[in-house]
Amino acid sequence: MERIPILKMGPFLLVTIQVDLYDRLALNLENDLISMVSKTGARGVLIDISVVSIVDSFMGRILGNIASMSRIMDAETVVVGMQPAVAITLVELGLTLQGVHTALDVEKGMELLHDKIGLGLNSEQEEEGSDDSDE
């Protein structure tokens, strides 16, 4: 059975969807992702959909479900890399993706996740900088 890899990166889970999702694969991703949030105690989920060129109402609902379930489990969800055609389709379908934060790319998505859980990247960099000056 085909699965989409879920990587743990610090307090976050990273999912890069490299194929167009069909219904069974999307449902597996939803189940696997929520299980991983529970198992790892992840505080955020970043989903990169930059390769996804087709989206339908089912896929939109799956993204919303992932965000809702993750939030209940104290994790934020950010979707990054949305192509313009996908965004247009989601709006035309009337899907608002409640609870899903979006960012243009992975870097901005990680910054957003850090901000959402109170681990600002700038404060970490400042701390690292202050550590260097103490040495």
Worksheet item: Given side chains that start at C-beta, do those of V15 and L7 come closer than 4.5 Å, heavy atoms only?
Response: no
Item to complete: Verify side chain to side chain contact (heavy atoms under 4.5 Å, CB included) between L29 and I17, making sure each step is shown before the conclusion.
Response: CA-CA 10 Å; L29 174 61; I17 300 173; 3.9 Å; yes
Worksheet entry | Non-neighbouring partners of L25 that pass side chain to side chain contact (heavy atoms under 4.5 Å, CB included), sequence neighbours left out | E2, I4, V19, L21, Y22
Worksheet item: Would you say S53 and V86 make side-chain contact, with heavy atoms under 4.5 Å?
Response: no
Worksheet item: Can you list every pair that meets ring pair (Phe, Tyr, Trp, His ring centres under 6.0 Å) and has a residue in residues 62-89, with sequence neighbours left out?
Response: none
Worksheet item: V37, I66: one ILVMFWY side-chain cluster at the under-4.5 Å cut-off?
Response: yes
Practice prompt. For S57, check side chain to side chain donor-acceptor pair (under 3.5 Å) against everything at least two apart and list the hits.
Written response: none
Worksheet item: Hey, are the side chains of V80 and M110 touching, using non-hydrogen atoms and a 4.5 Å cut-off?
Response: no
Discussion item. With heavy-atom distances below 4.5 Å as the criterion, would you say the side chains of R3 and N28 are in contact?
Written reply: yes
Worksheet item: Are M73 and I34 side-chain neighbours, meaning at least one heavy-atom pair lies under 4.5 Å?
Response: yes
Response to the item:
Hits for side chain to side chain donor-acceptor pair (under 3.5 Å) against N65, two or more places apart or cross-chain, chain-then-number order -> E30
Worksheet item: Does anything in residues 31-83 pair up under ring pair (Phe, Tyr, Trp, His ring centres under 6.0 Å), and if so which pairs, sequence neighbours excluded?
Response: none
Discussion item. List the residues meeting side chain to side chain donor-acceptor pair (under 3.5 Å) with D56, not counting sequence neighbours, and say none if there are none.
Written reply: none
